[in-house]
Structures are given as C-alpha cells and as structure tokens.
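Accompanying notes for the structure given below.
Lettering of chains follows the sequences in order, A, B, ..., and the numbering in each one begins at 1.
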2 protein chains.
Amino acid sequence: MTECVPLAKDREPPRYLQLAGDLRRKVLAGGFPAGFPTEAELCAHYGVSRFTVREALRRLQAEGLISRRRGSGTSIQPAAARGRALHQPLSNIGELLQYGRGSQITYRPLGRVDLPGLAVSHLGQTRADEQWIGFSGLRTLPGDPRPLALTEVFFAPRLEAVCARLDLSSGTLFAQLDELAGINVGKVTQDIQAIPAGSEAARLLGLRRGSPVLRVIRCYHDLSGRLFEISVTHHPGDRFVYSMHIDVEG
Amino acid sequence: MTECVPLAKDREPPRYLQLAGDLRRKVLAGGFPAGFPTEAELCAHYGVSRFTVREALRRLQAEGLISRRRGSGTSIQPAAARGRALHQPLSNIGELLQYGRGSQITYRPLGRVDLPGLAVSHLGQTRADEQWIGFSGLRTLPGDPRPLALTEVFFAPRLEAVCARLDLSSGTLFAQLDELAGINVGKVTQDIQAIPAGSEAARLLGLRRGSPVLRVIRCYHDLSGRLFEISVTHHPGDRFVYSMHIDVEG
DNA sequence: CTTTTCCCGTTGTCCGGACATAATGACCGG
DNA sequence: CCGGTCATTATGTCCGGACAACGGGAAAAG
C-alpha cells in the first residue's frame, strides 16, 4: 500500500506543494471522516519522507485548515463554528479561500470596464488603456435581507476567457481561479479604511448617507507577483466586524 | 571561530527560537551593516545545523524582517521606506513589533481600572472582579499635529510589576514585554469595525461627532494561549488607512 | 565594447535518522 | 470507584548529507 498517489515526479511543483494541494482538496471535500492521518501514515501512503509531509502540513496549518498538537495528532479545523454571523475572519490564504462561508452572493457581470480611479490610485502601474473584467454583487446572510457587503471585483484582461466560465453564485470568484486557470495566489495586499457612505453604497446597503462604512480594497497577486485581481468591498459599519487572527508561526 | 554565541544548551526555548531572537535583536539594532550572513556562515558561527538556521530564518522571514532569494542570498528588509505616512502595515508579528515606526506616542498611566465593557464583551471569560492596568495615549506623526490614533491599552493584573518599568514614550508598550518579562506573543486576534466617532474620540482626534472612525480591538495571547493584553484603538477615517499584506507562506 | 557562456555561491527541496516531549489510554493499586 | 503509573503514540526538535535551481559575476567569444 505504498505510493497510492504517486505525486508526479516532475519537479515542476515541489512535492510538498503537490502533497499540500492533494490534502487540501481532500479536507475541503470531507475526505477524512475518520480523522486526519498521522505523519507516518502520510509518509507511507505517498512514499515521501517525513520532511516533505511536515512541510505540506506546515502549509495547511498556516492556512488554518488543520491544527496539530504534540502527542495528540493532527485534526481538521472546524472551519465553520467559529465564524459567527458578523465575523469574517481573514488573516491568511486559507481563510481567504473560505471567505463568505455561510453567506450568499450572486455576482452580476459588468463586462469590460475601466478600473475605478480608486483602484488605480492604489496601484498606479496599470496602463490606462487596459480594460478589466468587472463583477458586482451584494453579500447577504440567509434570513437577513440587509446586505453585509457590497463587492466589486475586477479581473485582469488576460483572464477574460476564464471569467466567462466563472460560476457567479458560488462563494468567492477568486477561489475558482485556482481550479479553472491554475492561478495560485502568492500575495494579497489589503487596505482598510473607515469612510462615510456614498450615495450608491448607502442605497444598496440600506444606510443613511454619510454613516460609517468599512471599505476594504484587496489586490491579488500570483506567485510571480503579477496583479490579477482587485476587489473593492463596502461593509456597513453598524453590523459588520472584520475579525482576524494572527498566529506567530507554528 | 565556532560557537561565538553558544545558544544556551538548556532546551527550554528551542535552539531555533533562541537563534531567531538573537538575529532579530541584531537586525533591529543594525548589527549587520555588511549584509545578512549566509546560512553556512550562521551554521559555523552558532555551531548548529542548517536545519536550525533555516528554521530561525523562516521565522524572521515570516515576521517580514528579512527576505531571501534562491541563488542570491538573504537581505534585510528595508522596514522603513515602505510605510508611507498614513499606512500602518500589520499582518504579522514582525510588523506588529515595528508598529508605529515614524510616529510618536506617550502613554499616560490610568492605574488599575475595570476593563471597558467593550473589551469584556469581546472576550467574555475575564472575571469581573479583575482590574487591569490601563494606559492611554494619542499617536501623532512628527510635523502633523492631528493625531492618527487614540489608543487605550490594558495589561493583565499579573503584569503589574512589569508595567511599572515600562518606558511610556518608546514605540509600543507590548514590544517591551518580551525583554522585560520574557513574554512571547503567540496569537493576536483583531476586530476591526467602522463606527461613528463618540464625543470623546471626536474631541481627541479632532473630528466631528459621528464621522467615521476605524476601531481596532486587539487581544494579545502568550505562547500558552493566555490573554495578557487588550488594546482599543480609534483611527480617524479620513486620514488613516490600515494597510496589510498577506503572503502565502514562503 | 558587447554579448554569451560558464562557474561558483546561495537558497530550495528532499532524504534518512535520532531523541525529546506532550497527550492518551491501559493498567494497577488504593 | 478513584487516582497514579507507565507504555504507547504522535508531533516537535535537531542532525548530517545530497542534489537542484537560481543569481551573479567572471571569463570567453563575438
């Protein structure tokens, strides 16, 4: 029973990343009803050394997917349960992937649009002639008609083919990019600010003009550092708390 | 020239943590004017294996102190330069440690106080009879009289002796805890919300009542998970952007 | 002088092994 | 039934070694 999943010997993606990807997929698909395997079991199963296994697990742990305790073992992190209604944890890529759990959103395609001046001013190096592919949507909780977020998403022009295949009503758009286009996130920058609600945001979020709104601008870069997505989100200040955890590695 | 810094053989703190601490101190003190040493040099210098060195460097990299490139070497991250006036990066412990670079603050001791209901409601498990040691201060940029932040800090009662020795006008208070009391940060949780300015916050920050304010509540836990510090910060929405970076590990 | 090629140093990946330490449950004695 | 002891098991720490991939500069070619 060795090497049930051979982990393509091509060293294109390092083995520990292949392993992490495989395990991540299985965890998210509920593939470990009997609990997460031990390091030794994974070594035997995949035919790799403990180093490779631990490197993969370290990554999954950094993503918040699993938690490990010396002597006890590795367990799958609840993922739900801790994210109560108003809380949107987001401190690492893993939580980014699960972002929006328990909430609903359907995006409306905006077609090719100019980037709003807001986004351009934040990262000035996009050429003015570029038109990005835009989407817009309101995020709501089931059972509560008041929206939790007004989101605008913009994808780089080179992703136009992929954007056509996006499922506009499934969780986050960018989570699909990994599977559809093989785009891996390398870095995300976030700018968070408290601003008064503009007229459109106030109307869509059900607020009075000028009431506090939490605006989050995210820039998604791939592994080689290229910007491929920009999102601008407005949250109502009175019913949204941005909650995040910072774990000192380990 | 081996083992110039013996790294106390007591395995109380693991060797790679001792090494990381030593290197962190040297980097922050400008101890590497000729550039950061290579892994091999560090191995020889401290008499440890490359594993230990790489583990320490991995930590410093996660803290954002150093950056590494295959084939090129390890370099010290600029630390300044990137944090323009209004930006306060904070996505990991390292940036947390450098928090407030370029700004000034002097804390005023509040003595033993009850925790504000706000903080208690966020983490309900503090006993009501406990009185924490409080500090309060306004953070300003040199050359700009308008404050960037109104901060209240509360330390757990067991830290009273340490609090008496805190330098109230030096950077962040919690950064001193590591040196004074050997307290290492294990986890930080943050809650960020956009709220209308209350009367006191408006007055101190020079805002109109009700104008948007970014409120950040942080809970600092040590390595064993015990809460030892809570901070509540109000930032003026019109001139403060909370900027953070999330790097997928590596 | 410019361009290309090659070598060397550095970090990244991966292996095998060893011991330490924490958590768990079984066993045993009160 | 309760409590302590002990072996087992799992992760954490640490070592030595090996090769690959990348950068950069020196050397060689144009």
Side-chain angles (χ1 to χ4, degrees), chain A residues 2-3 6-21 23 32 34-62 65-77 186 223-225 247-250, chain B residues 2-3 6-21 23 32 34-62 66-77 184 186 223-225 247-250:
Chain A
T2 64
E3 194 139 354
L7 284 189
K9 286 217 169 47
D10 315 332
R11 321 203 148 212
E12 262 317 283
R15 288 235 260 285
Y16 70 93
L17 280 185
Q18 300 177 38
L19 177 55
L23 293 174
F32 297 114
F36 201 86
T38 67
E39 295 181 358
E41 289 169 351
L42 291 172
C43 291
H45 189 354
Y46 289 93
V48 296
S49 74
R50 193 150 91 100
F51 172 87
T52 304
V53 166
R54 285 183 62 79
E55 210 64 17
L57 295 186
R58 186 203 289 266
R59 196 179 182 80
L60 296 185
Q61 188 179 22
L65 267 186
I66 60 175
S67 81
R68 329 189 62 206
R69 271 195 315 168
R70 166 189 291 191
S72 173
T74 304
S75 57
I76 299 176
Q77 209 68 355
L223 288 178
S224 42
D247 275 291
V248 53
E249 160 176 35
Chain B
T2 65
E3 194 137 356
L7 285 188
K9 289 220 167 45
D10 316 331
R11 323 204 149 213
E12 261 318 282
R15 287 235 260 285
Y16 70 92
L17 280 185
Q18 300 177 39
L19 178 55
L23 293 174
F32 295 115
F36 201 84
T38 67
E39 296 181 358
E41 289 170 351
L42 291 172
C43 290
H45 189 350
Y46 289 94
V48 296
S49 73
R50 194 151 88 101
F51 172 87
T52 304
V53 167
R54 286 183 62 80
E55 209 65 17
L57 294 187
R58 185 202 291 265
R59 196 180 183 81
L60 295 185
Q61 187 178 23
I66 61 176
S67 81
R68 330 188 62 206
R69 269 194 317 168
R70 164 190 282 185
S72 173
T74 304
S75 58
I76 298 176
Q77 208 69 355
N184 283 83
L223 288 177
S224 42
D247 274 291
V248 55
E249 160 178 35

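Listed by chain and number, the residues in a side chain to side chain donor-acceptor pair (under 3.5 Å) with R69(A) amount to none (sequence neighbours excluded). Here S67(A) pairs with S75(A), Q77(A) under the side chain to side chain donor-acceptor pair (under 3.5 Å) rule; sequence neighbours left out. Partners of F36(B) by ring-ring contact (aromatic ring centres under 6.0 Å, His included), not counting sequence neighbours, listed by chain and number: F32(B). With sequence neighbours left out, R50(A) forms a salt bridge (charged side-chain N to carboxylate O under 4.0 Å, His left out) with E39(A). Every residue meeting the side-chain contact (heavy atoms from CB on, under 4.5 Å) condition with S49(A), not counting sequence neighbours, appears here in chain and number order: F51(A), T52(A).
Between R58(A) atom CZ and dC14(C) atom P there is a gap of 14 Å when expressed in whole angstrom units. Distance CZ (F51(A)) to P (dA18(D)): 17 Å, rounded to an integer number of Å. Residue R15(B) contributes atom CZ, which lies 9 Å from atom C1' of dC15(D) at whole-angstrom precision. When rounded to the nearest whole Å, the span between CD1 of I66(A) and C1' of dA10(D) equals 13 Å. Between E55(B) atom CD and dC15(D) atom P the separation is 11 Å, expressed in whole Å.
Residue pairs meeting the salt bridge (charged side-chain N to carboxylate O under 4.0 Å, His left out) criterion with at least one member in residues 40-49 of chain A, sequence neighbours excluded, do not occur.
Between Y16(A) and the phosphate of dT13(C), there is a side-chain N or O to OP1/OP2 separation shorter than 4.0 Å.
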Enumerate all atom pairs, one protein N or O and one N or O from nucleotides 8-11 of chain C, separated by less than 3.5 Å.
| residue | atom | partner | partner atom | Å |
| --- | --- | --- | --- | --- |
| dG9(C) | N2 | G71(B) | O | 2.9 |
| dT10(C) | O2 | G71(B) | N | 3.0 |
| dT11(C) | OP1 | T74(B) | N | 3.4 |
| dT11(C) | OP1 | T74(B) | OG1 | 2.9 |
| dT11(C) | OP2 | E39(B) | N | 2.9 |

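Here CG of L19(A) is found 11.5 Å from CZ of R59(A). Values are rounded to the nearest 0.5 Å.
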request  = Under the side-chain contact (heavy atoms from CB on, under 4.5 Å) rule, what do L57(A) and L42(A) come out as? Steps first, then yes or no, please.
outcome  = CA-CA 10 Å; L57(A) 295 186; L42(A) 291 172; 4.1 Å; yes
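Axis angle between the ends of the helix from dC1(C)-dG30(D) to dG30(C)-dC1(D), five pairs each and rounded to 10 degrees, works out to 10°.
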